[in-house]
Participant: 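My structure is below; once you've seen it, I'll send some questions.
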Amino acid sequence: MTAFVYFFSHYSEMSDPVYVFSFAGGLILAFLIADEIRCGRIDMRIVAVTSLATFLVGNLVSVTIGYNAGSFRYTGFANNPNQLIFYIASISLLLAMYDKRFLVLGLPLLVYIGVLSGSDAYVASVTIGAISLVYVVFFYYQKTPLIFNIGVLSLLTAIVVISYGELVHEYLVQIWDEADEGGSRVALLVNAVRASLASPLFGWGAGSFSGIFSPFEGYEAHNNLLDLSMQFGFLVPLAIYGVIIIAMTEALKRRQYVIFAFIVSYLVSGIFHFSARHFVFWVEFGVFLAYISSPRNSVSGRLDEPSAKRVSCAE
């Protein structure tokens with residue numbers, strides 16, 4: 001409703017009410033996908049492997065024909081490197097959840113494409129995901145007491161900070177300076193917060209409401225949470241990310257640490273890109289809904305099992 005209200009106001013140039021139907025369709029799609037997964041009517045292994053094959057073939061064609069060869073950063077057929085990285089994070093997560101054999105086979109190629117893009121977001125998502133995997137494996141190691149695991153993690157963290165803290169800090173500053181694009185990214189984030197706070201419950205409707213010098217200049221924040229909060233208020237992104245966080249806790253409870261790490265990487269990729277406007281985001285959201293609603297101790301809760309072995313719903 002807010003999208004149509006502000007479309008006829010002085011914010012009309014920034015409002016795109018047509019995208020309301022896109023977001024509504026995406027949300028409906030997510031719930032339908034979740035229901036189909038729970039009922040075993042979709043073989044997500046096929047979806048994951050097909051996504052991998054399509055992505056790799058598409059990038060092979062892009063490299064072969066020299067598409068967008070004039071760009072200083074590789075984007076494939078995507079509009080920008082961060083969009084490409086979002087697809088890599090999404091496909092990697094699907095493979096981690098549904099077919100780990102193809103994850104092992106496909107991940108080196110996905111990493112190569114990510115590195116080829118020169119995306120700082122990819123470096124951040126892979127690094128944080130890998131660190132989270134190491135930490136949870138140590139923390140939940142069953143053969144030693146929990147207090148011992150915490151002590152080992154604390155010691156390792158202290159050693160890394162003391163030995164490489166300054167080097168890591170300089171590297172992170174360098175990455176941020178390159179990613180910040182002369183301060184514009186920080187400005188977009190700050191002004192996105194200001195625009196969100198101006199209408200915290202309902203947002204401003206579908207559109208772009210951040211800016212370089214002030215809010216409401218018609219720019220995206222290039223941050224999934226803030227772009228959603230500007231458009232729909234804070235409750236919508238909190239609900240969406242609440243589902244994802246619950247999925248992370250479920251992965252820990254099920255000791256599926258690899259899935260946990262790839263969810264972390266997926267979340268980090270959304271810090272640098274408005275991924276919710278992509279069809280794939282709502283597919284992943286449907287996967288998260290199915291994951292948290294599947295019985296933890298039943299075969300339907302094991303996402304690497306074939307669909308035929310999962311519990312079927314009544315027709």
Side-chain angles (χ1 to χ4, degrees), residues 85 88-90 92-101 103-104 106-108 110-111 114-115 119-179 189 223-225 237-238 240-272 284 287-288 291-299 301-305:
I85 296 316
I88 292 176
S90 300
S92 300
L93 177 58
L94 286 177
L95 291 171
M97 299 179 85
Y98 294 107
D99 201 317
K100 291 182 175 60
R101 291 174 299 178
L103 174 66
V104 174
L107 191 59
L110 293 174
V111 170
V115 172
S119 171
D120 301 315
Y122 187 64
V123 174
S125 65
V126 170
T127 301
I128 295 174
I131 291 174
S132 68
L133 177 60
V134 172
Y135 265 69
V136 296
V137 168
F138 266 100
F139 189 83
Y140 287 96
Y141 188 63
Q142 299 294 310
K143 295 183 179 181
T144 54
L146 178 60
I147 188 65
F148 177 81
N149 296 343
I150 295 175
V152 171
L153 284 175
S154 301
L155 179 61
L156 289 175
T157 302
I159 292 173
V160 170
V161 170
I162 294 173
S163 302
Y164 303 102
E166 184 175 351
L167 181 63
V168 171
H169 177 264
E170 292 177 358
Y171 179 66
L172 291 176
V173 169
Q174 180 183 353
I175 289 179
W176 179 255
D177 287 341
E178 294 175 359
L189 294 175
N223 176 281
N224 209 37
L225 194 151
L238 287 177
I240 291 173
Y241 277 86
V243 169
I244 300 176
I245 291 172
I246 292 172
M248 292 171 63
T249 60
E250 280 297 312
L252 292 178
K253 292 175 182 177
R254 301 176 190 187
R255 300 181 184 177
Q256 296 174 329
Y257 304 135
V258 173
I259 292 178
F260 172 85
F262 276 99
I263 295 177
V264 171
S265 293
Y266 177 80
L267 281 177
V268 174
S269 70
I271 296 175
F272 305 93
E284 296 281 3
V287 169
F288 290 131
Y291 185 57
I292 66 176
S293 60
S294 60
R296 191 179 305 162
N297 297 321
S298 70
V299 289
R302 295 184 57 190
L303 298 186
D304 55 349
E305 290 292 330

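Only heavy atoms go into these numbers, but all of them, side chains included; no hydrogens, no water, no symmetry mates. It should be emphasised that the depicted structure is a prediction, and the values quoted were computed from it without experimental measurement. Residue numbers count from 1 along this sequence.
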Participant: A quick test of your reading: do over 12 heavy atoms of other residues, nucleotides or ligands sit less than 6.0 Å from OH of Tyr241?
Facilitator: yes

Participant: Rounded to the nearest 0.5 Å, what separation is found between the CD1 atom of Ile246 and the OG1 atom of Thr249?
Facilitator: 6.5 Å

Participant: Counting C-beta onward and ignoring hydrogens, is there a side-chain heavy-atom pair between Tyr266 and Phe288 closer than 4.5 Å?
Facilitator: yes

Participant: Side chains of Leu133 and Val137: does their closest heavy-atom pair fall under 4.5 Å?
Facilitator: yes

Participant: To check you understand the geometry: which heavy-atom pair defines the closest contact between Ile271 and Asn223, and what is its length?
Facilitator: O-ND2, 3.1 Å

Participant: For the OG1 atom of Thr127 and the OH atom of Tyr122, what is their distance to the nearest 0.5 Å?
Facilitator: 10.0 Å

Participant: Got Leu107 and Ser92 here, is their nearest side-chain heavy-atom distance under 4.5 Å?
Facilitator: yes

Participant: Kindly indicate whether the side chain of Glu284, heavy atoms from C-beta on, has any atom under 4.5 Å from the side chain of Leu94.
Facilitator: yes

Participant: Output, in order, the C-alpha distance, side-chain angles, deciding distance and verdict of side chain to side chain contact (heavy atoms under 4.5 Å, CB included) for Phe262 and Gln256.
Facilitator: CA-CA 10 Å; Phe262 276 99; Gln256 296 174 329; over 6 Å; no

Participant: How many angstroms lie between CZ in Phe272 and CG in Asn224, if you round to the nearest 0.5 Å?
Facilitator: 12.5 Å

Participant: Please report the interatomic distance CD1(Ile245) to CD1(Ile240), rounded to the nearest 0.5 Å.
Facilitator: 12.0 Å

Participant: Testing Ser125, Ser132, Ser269 for side chain to side chain contact (heavy atoms under 4.5 Å, CB included) with Val264, which one passes?
Facilitator: Ser132

Participant: Measure from NZ or CZ of Arg254 to the centre of the six-membered ring of Phe260, then state whether that distance is under 6.0 Å and the direction lies within 45° of the axis.
Facilitator: no

Participant: Identify the heavy atoms of Pro108 and Leu103 that sit nearest to each other, and give their distance.
Facilitator: CD-O, 4.5 Å

Participant: Identify the two heavy atoms, one from Val258 and one from Ala96, that lie closest to each other, and give their separation to 0.1 Å.
Facilitator: CG1-CB, 4.3 Å

Participant: If you round to the nearest 0.5 Å, how far is OG of Ser265 from CD1 of Ile131?
Facilitator: 10.5 Å

Participant: So do Val126 and Val111 actually touch side chain to side chain, heavy atoms under 4.5 Å?
Facilitator: no

Participant: Could you state the interatomic distance from CD1 (Ile259) to CG (Leu95), rounded to the nearest 0.5 Å?
Facilitator: 11.5 Å

Participant: Report yes if the side chains of Val287 and Tyr98 come closer than 4.5 Å at any heavy-atom pair, otherwise no.
Facilitator: yes

